[in-house]
Number of protein chains: 2
Amino acid sequence: MWLRPPREPRQTLSLGRIVAEAVALLDEEGVARLTMRRLAERLGTGSTTLYWHVKTKDDVLDLALDAVFGEVPLPDAGGDWRERVREVIGGWRAALLRHPWSATILDRPLMGPHALDHTEALYAALAAAGLEGPRLKAAAYSLANFVMGSVIMQVTAEGHGDAAAFLRERAARYPLLARHGLDCDWDAAFADGLGFLLTGMRDGGGTGAPT
Amino acid sequence: MWLRPPREPRQTLSLGRIVAEAVALLDEEGVARLTMRRLAERLGTGSTTLYWHVKTKDDVLDLALDAVFGEVPLPDAGGDWRERVREVIGGWRAALLRHPWSATILDRPLMGPHALDHTEALYAALAAAGLEGPRLKAAAYSLANFVMGSVIMQVTAEGHGDAAAFLRERAARYPLLARHGLDCDWDAAFADGLGFLLTGMRDGGGTGAPT
DNA sequence: ACCTGAACACCGTTCAAGT
DNA sequence: ACCTGAACACCGTTCAAGT
């Protein structure tokens, strides 16, 4: 008895533990290192064991992404609707930027419980502003597209080398880009864009049909 | 001589041929099937041969994505600036939607010559509207984010099962989503959102600072 | 119900070698 | 300059088998 190795007090595996470890792995090592084998290793199991808890590696990614949305607190109702929208959308942005790998992973349905809770909250904030029908839908759609796009653009820009220097060398061909593409204040650009959308969806804009 | 196999009149390999074949492969078989081996097979070479023309598989993806931008005609200057912006942004959207795999690939720097030409054209259209400085930048940023987000959202929504039915079952928990998340008219939603942005960036919106 | 190991059919990439 | 083959160090996933 005493000579036997002291029976690893390792917690039993569970979906929750798998997802938490996946997020940690993604944070620490990046998306390319998320491997069923590597994940299992960090959990102290064989890779094939994961397949009892999860159907495929894609499941792990879906769950990890939803966990990011789970970090965002839901806004409380009431108050200025504009402020509430800024809170929801800003919350998404902050959470996604905290986990840059999520930008690489945004090309999958946001149908997890946390994502849905937040999307519903966004609709609620817009409905409180008096929007309804296709107009409400268009507003929610635009805002969601805008955040997703922002995060992806920022993460990829920050991740890949010195684009500014690259553009400066080509200032002759791309004068406007070279002048403005540099020294990004991402937060300000984001706030401005959000401002455009918010005032746009108040002041008509209607079906946006070309004239 | 006559008995020898008739010396494959196979065109010599070139970067152009590799990229064209990669786009065809992506269109026909999807992003998961883009493999250096599979690509080489379609080109009638060994997979390792590709590495003389290309440094890594990522290069192939970068080139394929830029080729998509290359399909979009550049807008001619002049005319209503709003119409011109709609032309550029709508052109991006159409081209990206024609190659749904591109949505999965948008998390990489859009620094290819075609992408840069179009981004410069977008800046030019906005500059023609009188925008300048950080305001111009914010406008371009918002528009680019919006298209990218739109394409990604639409492609993933269309690619993955019946989200509408899923939401209908959960109408109790997500009432607004269940009511509006269905029967999407993507084109209308896109046009509306673009309208929001265009009117927003004309009518002030300023730094979008919260009040 | 949960975990394991061996095995299958793949990957991207390197490199010495050929023409 | 361009192409080839063999080889390395990996992948996701299945499945029969164990407890």
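Computed over heavy atoms, backbone and side chain alike; hydrogens, waters and symmetry mates excluded. Each chain gets a letter, A, B and so on, in the order the sequences are listed, and its residues count up from 1.
- Atom pair B:Leu34:CG and C:dC10:P shows a separation of 16 Å (rounding to whole Å applied).
- In this structure, B:His53 does not reach the D:dA1 phosphate: none of its side-chain N or O atoms is under 4.0 Å from OP1 or OP2.
- Using a 4.0 Å cut-off between a side-chain N of Lys or Arg and a carboxylate O of Asp or Glu, A:Glu28 and A:Arg42 qualify as a salt bridge.
- Look at the C1' atom in both D:dC15 and C:dC3: the space between them is 13 Å, to the nearest Å.
- Rounded to whole Å, atom P of C:dA1 lies 17 Å from atom CG of A:Leu15.
- At whole-Å resolution of the value, CE in A:Met36 and P in D:dG12 are 7 Å apart.
- As the counterpart of D:dT13, C:dA7 is assigned, both hydrogen-bonding distances of the Watson-Crick or G-U wobble pattern falling under 3.5 Å.
- The distance from atom CD of B:Glu41 to atom P of D:dG5 is 14 Å, rounded to the nearest whole Å.
- Side chains of B:His114 and B:Glu71: no donor on one and acceptor on the other come within 3.5 Å.
- As rounded to whole Å, 13 Å separates atom P of D:dC11 from atom CG of A:Leu50.
- Salt-bridge check for B:Lys57 with B:Asp62: failed, with every basic side-chain N at 4.0 Å or more from each acidic carboxylate O.
- Of the candidate nucleotides C:dT13, C:dC11, C:dA7, C:dC11 has the atom lying nearest to any side-chain atom of B:Thr35.
- Ring geometry for B:Phe69 against B:His118 counts as tilted: the plane angle lies between 30° and 60°, on a 0 to 90° scale.
- Under 3.5 Å, the side chains of A:Asp107 and B:Thr156 contain no donor-acceptor pair of N or O atoms.
- Comparing A:Arg38 and A:Lys55 by the nucleotide of DNA chain D that holds the closest heavy atom to each, the one mapping nearer the 5' end is A:Arg38.
- Out of C:dG12, D:dC3, D:dC15, the shortest distance to the side chain of B:Tyr51 is found at C:dG12.
- Within the structure, a side-chain polar atom (N or O) of A:Thr49 is placed less than 4.0 Å from OP1 or OP2 of C:dT4.
- Among the nucleotides D:dG12, D:dC3, C:dG12, the one closest to any side-chain atom of B:Lys57 is C:dG12.
- OP1 and OP2 of D:dG12 both lie 4.0 Å or more from every side-chain N or O belonging to A:Thr56.
- Atoms CD1 (A:Ile18) and P (C:dC2) sit 11 Å apart, rounded to a whole Å.
- Taking every side-chain heavy atom of B:Arg37 into account, C:dT13 is the closest of C:dG5, D:dC3, C:dT13.
- Side chain of B:Trp52, nearest nucleotide from D:dC3, D:dT13, D:dC2: D:dC2.
- Proximity of B:Thr12 to the phosphate of D:dA1: no side-chain N or O atom is located under 4.0 Å from OP1 or OP2.
- Between the P atom of C:dC11 and the CG atom of B:Leu61 lies a distance of 14 Å, rounded to the nearest Å.
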